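Worksheet: one structure, shown below.
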Amino acid sequence: MVLTILLVLAVVHVCVEFYFFPVVTRRARHVFLSVIIESVLSLIALYLLAIPLIWSLVGALCIGLSNVAIAVWFRSSPDGLRYLFVKQLLHLLVLLVVVLFVVGSEERVAAKLAFEQTDWWTLFCWAFAYLLAMKPTSTAIAMLLQNWTDEVVNSAPSESNKPLKDAGAYIGYFERMLIVTFVLWGQLPGVALVLAAKSVFRFGDLKDHGSRMFTEYVMLGTFSSALFGIGCGLLGGYLSKF
């Protein structure tokens, strides 16, 4: 019951925050309008989910006031993914507190039991695999390719081939995260799909560059990234079995 109500309120929040009044293009006058709409929709959702009317009103009021407080708090914050993530995490925590407040004691006890029965060790090992596949691995790959990086950069034929700032690092992050996901789920053919997709997108660059040096450099980076990603996934899966 707790998870159901939380999911419904989260869907309401996402619809208001990103579809009705997109947070990226929202103007100041839309903040209170979005708060009112989310509060009303939350009230309707809570009441339809068999929460007493008085508690539904209290829950909707708490959601509305928290939205105003969070909006004011982040009003002067710069736009960025980090602040967006923190803001939405605060909204989710508020929704969780509201749900635990409006439900009955039996539902809270059931939620506590479900929380205690969660396999936190497996989740910890999987999270460790993802973290290991990002920063430490990117540093290791950079050190591995250090002997050839300067040589390839100096041989670039024109300024038009200059890469985007940090784009390669983020591509590597996403690539290894996908690989770790497929390995942890036991879907190794997905790893081949990731490598094939990267090869297709890289084909144009390799063809236009026309350099064996650049081709070998890309292959070294791709295979080392895939190797580290598979290794991190296998390590996370192995540790989760203990």
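These numbers come from a predicted model, not from an experiment. Atom set for the values below is all heavy atoms of this structure, side chains included, hydrogens, waters and symmetry mates excluded.
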Salt bridge check: are Glu107 and Lys112 linked by an N-O gap of less than 4.0 Å? no
Is the shortest heavy-atom distance from the side chain of Leu90 to the side chain of Trp73 under 4.5 Å? yes
Enumerate, atom names and distances included, each donor-acceptor pair closer than 3.5 Å involving a side-chain atom of residues 227-237, sequence neighbours excluded.
none

What is the distance from atom CZ of Phe242 to atom OG1 of Thr122, rounded to the nearest 0.5 Å? 12.0 Å
What heavy-atom pair brings Val12 and Ser42 nearest, and what distance separates the two atoms? CG1-OG, 4.1 Å
Would Val191 end up clustered with Tyr238 when hydrophobic side chains under 4.5 Å apart are linked, directly or stepwise? no
When clusters are formed by joining ILVMFWY residues with side-chain heavy atoms under 4.5 Å apart, either directly or through shared neighbours, do Leu6 and Ile51 land in the same one? yes
Working to the nearest 0.5 Å, report the span between CG of Leu220 and OH of Tyr217. 9.0 Å
Quick one: CD1 on Ile37 to CZ on Phe32, what's the gap to the nearest 0.5 Å? 14.0 Å
Can I get a per-line list of side-chain donor-acceptor pairs under 3.5 Å for residues 176-188, giving both atom names and the distance, sequence neighbours left out?
{"residue": "Arg176", "atom": "NE", "partner": "Ala133", "partner atom": "O", "Å": "2.5"}
{"residue": "Arg176", "atom": "NH1", "partner": "Ser225", "partner atom": "OG", "Å": "3.1"}
{"residue": "Thr181", "atom": "OG1", "partner": "Tyr130", "partner atom": "OH", "Å": "2.6"}
{"residue": "Thr181", "atom": "OG1", "partner": "Met177", "partner atom": "O", "Å": "2.8"}

Between CG of Leu9 and CG of Leu96, what distance do you get to the nearest 0.5 Å? 10.5 Å
If you take all heavy atoms of Val103 and Leu100, which pair is closest and at what distance? CG2-O, 3.8 Å
Val98-Ile44 co-clustered via ILVMFWY side chain contacts under 4.5 Å: no
Going by the rule salt bridge (Lys or Arg N to Asp or Glu O under 4.0 Å), which residues pair with Glu175 if we only count those two or more places apart in sequence or in a different chain? Lys198
Check for me, please, whether Leu92 and Val97 land in the same ILVMFWY cluster - side-chain distances under 4.5 Å, paths through other members count. no
Whether Phe124 and Trp121 hold their rings parallel, tilted or perpendicular, with breakpoints at 30° and 60°: parallel
Mind listing the side-chain donor-acceptor pairs of residues 57-72 below 3.5 Å, one per line with the distance, residues two or more places apart or on another chain?
{"residue": "Ser66", "atom": "OG", "partner": "Cys62", "partner atom": "O", "Å": "3.1"}
{"residue": "Ser66", "atom": "OG", "partner": "Ile63", "partner atom": "O", "Å": "2.8"}
{"residue": "Asn67", "atom": "OD1", "partner": "His91", "partner atom": "ND1", "Å": "3.0"}
{"residue": "Asn67", "atom": "ND2", "partner": "Glu38", "partner atom": "OE1", "Å": "3.0"}

Below 4.5 Å, heavy atoms only, C-beta onward: do Phe20 and Ser34 meet side chain to side chain? no
Any chance you could measure Ser240, atom OG, to Asp119, atom CG, to the nearest 0.5 Å? 8.0 Å
If you define the side chain from C-beta out and look only at heavy atoms, does anything of Tyr83 sit under 4.5 Å from Val86? no
Please determine whether the number of non-hydrogen atoms from other residues, nucleotides or ligands lying under 6.0 Å from atom CD of Glu106 exceeds 12. no
Least distance between heavy atoms, Val99 atom then Ile5 atom: CG2-CG2, 3.8 Å
Would you please indicate if the ring centroids of Trp55 and Tyr47 are separated by under 6.0 Å? no
Apart from Val109 itself, residues in the same hydrophobic cluster as defined by side-chain heavy atoms under 4.5 Å: Leu113
Phe223: which other cluster members, linking ILVMFWY side chains closer than 4.5 Å, directly or transitively? Met219
Show the numbers, then the answer: is there a side chain to side chain contact (heavy atoms under 4.5 Å, CB included) between Val8 and Leu48? CA-CA 11 Å; Val8 172; Leu48 292 178; over 6 Å; no
Co-membership, hydrophobic cluster, residues Leu53 and Val102, 4.5 Å side-chain: no
Look up atom OG in Ser39 and atom CG in Leu43, then write down how far apart they are to the nearest 0.5 Å. 9.0 Å
